[in-house]
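Atom set for the values below is all heavy atoms of this structure, side chains included, hydrogens, waters and symmetry mates excluded. Indexing begins at 1, ligand by ligand and atom by atom, following the structure's order. Note that the numbering runs from 1 along the sequence shown for the chain.
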Amino acid sequence: MVGSKGGASAPAKQKGSLMSPPDAARPPVPVYYRPEYVLAAHAFDTTRKAAWVAESLADAPIAGLELRAPRPLADAELFEIHTPGYVEAVRTGVPRELAESQGFSWDPSLWDMVCASNGGAVAAALSALEGRAAGSLSSGLHHARRSHGAGSCTFNGLALAAKAALRAGARRVLVLDLDAHCGGGTHELIADDERVWHIDVSVSDYDAYAPSARSSLDLVASANDYLPAVTRRLEAIERDGPPFDLCLYNAGMDPHEGCPEDGLAGITDDTLASREVFVFRWCRRRRLPIAFVLAGGYVGERLDRDHLVRLHRLTLRAAADV
Ligand SMILES: [Zn+2]
């Protein structure tokens with residue numbers, strides 16, 4: 001197993017005790033979260049749902065998971081993929097247009113939020129390298145570009161996590177993006193790194209891009225094609241791709257038919273439950289460590305908050321069970 005350093009920290013005192021006792025036969029799956037994940041003043045799903053999911057774990061724990069507080073990223077760590085001018089804009093709010101380029105209003109606590117939540121993505125990657133799986137209740141990552149935000153994403157925690165894993169000794173990293181929308185920001189940030197591969201199965205063409213030799217982008221238009229597309233891509237990379245040391249999984253729930261942001265009719269709870277079990281089993285069969293983040297998923301007329309939390313718990317459940 002490749003080495004790892006930093007990122008991971010002791011169980012969060014305020015949360016660790018809320019979880020079920022782990023199975024003594026195997027260590028618990030670390031899931032990173034801290035209250036700063038939801039600190040930004042601008043309130044919507046992406047800036048609030050980590051707390052909804054954490055609260056649900058307090059109310060109804062999933063055995064085999066352990067909530068941990070990640071170390072927030074320092075600005076120097078963000079410079080690996082983001083320009084100093086953009087990082088400074090998010091920290092200070094100046095210029096305001098750049099600080100709000102992800103599409104929502106800036107306030108000073110946005111900085112603490114995104115450093116914590118991107119730190120969680122990095123911590124999950126480093127923890128997964130030491131074991132079998134880890135996750136973070138982070139979202140709002142995959143549209144962020146080198147020099148600006150986009151699509152509610154401020155910093156790109158997937159690219160940051162991939163780079164951190166490579167620094168820690170991983171030879172190749174697979175980014176698996178099953179959010180409803182395309183991960184054009186991630187593509188921009190990793191396209192020139194031959195150690196990072198990218199599978200992207202989307203149901204919306206938002207943030208689409210031209211794939212490189214090491215990436216694929218499927219735009220699925222029918223629910224019947226959704227799971228077959230995921231299966232086909234993973235089987236293809238298993239057959240034709242190199243060995244990987246880590247899978248970074250952007251586990252968006254916004255393909256769900258009830259999701260107001262481009263959900264696809266016919267993609268149900270059962271579809272997404274099957275997807276999660278399939279992804280985690282695929283990684284387990286290959287002995288491939290997996291680090292997941294929550295990604296998209298939005299409350300709407302046909303998807304209330306409890307339902308959205310249940311969908312994200314499918315990922316957590318699969319991580320614990322598989
Ligand atoms: Zn999305």
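Applying the ring-ring contact (aromatic ring centres under 6.0 Å, His included) test to Y298 and every residue at least two apart in sequence or in another chain returns nothing. Checked against ring-ring contact (aromatic ring centres under 6.0 Å, His included), H42 has the following partners two or more places apart in sequence or in another chain: F44, F104.
Distance check for D262 against the Zn ion (ligand 1): none of its N/O/S atoms falls below 2.8 Å. When distances to the Zn ion (ligand 1) are checked against a cut-off of 2.8 Å, D254 contributes an N, O or S atom below that limit. Among the atoms of H142, none of the N, O or S atoms falls under 2.8 Å from the Zn ion (ligand 1).
Side-chain contact between Y32 and L137 is absent, with no heavy atoms from C-beta onward closer than 4.5 Å.
Taking the Zn ion (ligand 1) as the apex, the angle formed with OD1 of D179 and ND1 of H181 is 100°, to the nearest 10 degrees.
We find the CG-SG distance between N118 and C153 to be 9.5 Å, quoted to the nearest 0.5 Å.
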